[in-house]
Amino acid sequence: MIVLGIESSCDETAAAVVESGVLVRSSVVASQVALHQEYAGVVPEIASRRHVEQILPVVREALAQAGMGLGMVDAIAVGNRPGLIGCLLVGVAAAKSLAWSLGRPLVGVDHVAAHLYSGLLRDEPPATMHASFPALGLVVSGGHTSLYLLEDWTRSCRLGSTIDDALGEAYDKAATIMGLPYPGGPVIDRLAADPLADDRAHDLPVSRLGADSLDFSFSGLKTAMLYAVRGVPGGRHAPPPPLTDDRRRDLAASFQRAASKAIILKLGRALDRSPQARTLFTGGGVTANSRLRRELEAFATDRGLTLHLPSKRYCVDNAAMVAGLGCRLLEAGVRHGPDLQAEPTTSM
Ligand code: KG4
Ligand code: ZN
């Protein structure tokens, strides 16, 4: 089955053509990062207007790169939730129009579930692609940080999620505090990769919440970063030393250490509680982080899990993950009609 995927939930306009749910024939992403950089975050109205301009060129480019015409597409999948409502509406309207005019099935896909699926995508024909369930799922992105137990691609249960900032959001804010450009995750990752970086220079907090909690909290880590850079309010502590490049590098490494530790801690708790899970699906922009990738690999080896870690190009928002999961949902009999709605919240 050839599925055309469309994604417009935040600041990336994306379209992709995926075969059999796993083989990516094309994946085109028009990023708006430069448009939002001066605001250090996504401005919803600017984002939706840009999607309107980009959506058809991006779909055309995805088809061209796949060497296909619209007539060869068997179904249309669209990320219809969660996200910025004005942004989602652009992709949903385009997908509905295409599905209706081509007389092909339409399926709405949850963006969070699509991130979980992204580790199964391949750029070369896969020898075999079997994912076994039940599985644990970890999504760490700019908007979400959650753990799931998945029975299959249509049934899942949320085990925990962040009670304040998402991890990507915390990365971006930590970078802003250090005077680094937006989005800050990749910048912090690069600084921390310096061989001279000392990840123990700052003892930043790892939130545990309750002894049994599978939730996350990153606001304490963010505040600790703020105090390390600007000093503790109240004037009882010595002011911090100036923010040199060396200090930024050590702060970045220390931040990454605490952030990754928090994720692995809760994954360990989740697996203790659901030992029947033998697979770990991961996804979202922060799974591009080199330290987190290493720690996830070590965790999976240590606990005997099969890890599906997306290749870096499928960690951040893309439409291949939407098309891939859309294919699995269509195989399971899921179909949507012209009444498919854009929804701001996740169903997961
Ligand atoms: O999944 P995504 O593209 O969008 C959402 O669905 O939110 O994730 C974007 C987030 C941003 O916060 C960005 O800073 C973060 O992913 N990110 C990273 C890295 N690359 C992207 N965070 C840490 N390390 C990275 N290498
Ligand atoms: Zn995302």
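Note that ligands are numbered from 1 as they come in the structure, with each ligand's atoms numbered from 1 the same way.
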Worksheet item: Which heavy atom of Pro125 sits nearest a heavy atom of Leu23, and at what distance?
Response: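 Taking every non-hydrogen atom into account, N-CD1, 3.6 Å.
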
Practice prompt. Determine the minimum heavy-atom distance between Val286 and Leu292, stating which atoms define it.
Written response: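 Distance-wise, the nearest heavy atoms are O-CD2, 3.7 Å.
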
The protein N, O or S atoms lying under 2.8 Å from the Zn ion (ligand 2) are His111 NE2, His115 NE2, Asp317 OD1

Q. Do Asp165 and Ser219 pass the side chain to side chain donor-acceptor pair (under 3.5 Å) test, and can you show the C-alpha distance, the side-chain angles, and the key distance before you say yes or no?
A. CA-CA 6 Å; Asp165 289 358; Ser219 64; over 6 Å; no

Can you check ring-ring contact (aromatic ring centres under 6.0 Å, His included) on Tyr171 and Phe255, steps first, answer last?
CA-CA 8 Å; Tyr171 262 98; Phe255 182 90; 4.9 Å; yes

Exercise. Measure the distances from the heavy atoms of His115 to every atom of ligand 1 and state whether one is below 4.0 angstrom.
Key: yes

**Prompt:** Contact between Pro186 and ligand 1, counting heavy atoms under 4.0 Å?
**Reply:** yes

Report task. Determine, step by step, whether Ser27 and Asn318 satisfy the side chain to side chain donor-acceptor pair (under 3.5 Å) criterion, reporting the C-alpha distance in whole Å, the side-chain angles of both residues, the deciding distance to 0.1 Å, and the verdict. Result -> CA-CA 7 Å; Ser27 176; Asn318 66 87; 4.8 Å; no

Looking at [X], which atoms of ligand 1 are within less than 4.0 Å of one of its heavy atoms?
| X | result |
| --- | --- |
| Gly168 | 12 (O) |
| Gly142 | 5 (C), 7 (O), 8 (O), 9 (C), 10 (C), 12 (O) |
| Gly143 | 7 (O) |

What residue and heavy atom of the protein are closest to [atom], and at what distance?
| atom | answer |
| --- | --- |
| atom 22 (N) of ligand 1 | Gly185 CA, 3.3 Å |
| atom 2 (P) of ligand 1 | Asp317 OD1, 3.3 Å |
| atom 24 (N) of ligand 1 | Asn289 ND2, 3.1 Å |
| atom 14 (O) of ligand 1 | Asp172 OD1, 2.6 Å |
| atom 17 (N) of ligand 1 | Gly285 O, 3.5 Å |

Could you see which bit of [X] sits under 4.0 Å from ligand 1, with heavy atoms only: side chain, backbone, both or neither?
| X | answer |
| --- | --- |
| Asp189 | side chain |
| His144 | neither |
| Val316 | both |

* To do: Specify whether His111 and His115 have parallel, tilted or perpendicular ring planes, treating 30° as the upper limit for parallel and 60° as the lower limit for perpendicular.
  =>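 Perpendicular, since the angle between the ring planes exceeds 60°.
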
Could you walk me through whether Tyr314 and Leu120 pass the side chain to side chain contact (heavy atoms under 4.5 Å, CB included) check? CA-CA 10 Å; Tyr314 302 126; Leu120 295 176; over 6 Å; no

Going by an N to O cut-off under 4.0 Å, is there a salt bridge joining Asp272 and Arg269?
->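 No, Asp272 and Arg269 are not salt-bridged.
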
**Asked** Is Met348 reachable from Val322 through a run of I, L, V, M, F, W or Y residues, each pair having side-chain heavy atoms under 4.5 Å apart?
**Response**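 Both belong to a single hydrophobic cluster.
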
Of His51, Glu53, Gln54, which meets side chain to side chain donor-acceptor pair (under 3.5 Å) against Thr13?
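Checked His51, Glu53, Gln54 against Thr13; only one passes side chain to side chain donor-acceptor pair (under 3.5 Å): His51.
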
- request: Sort out for me which residue in Ile6, Val78, Val73 forms a side-chain contact (heavy atoms from CB on, under 4.5 Å) with Leu98.
  value: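 Filter result, single survivor: Ile6.
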
Q. For the residue pair Phe133 and Phe281, is the inter-centroid distance of their aromatic rings smaller than 6.0 Å?
A.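 Judged by ring-centre distance (under 6.0 Å), Phe133 and Phe281 do meet the cut-off.
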
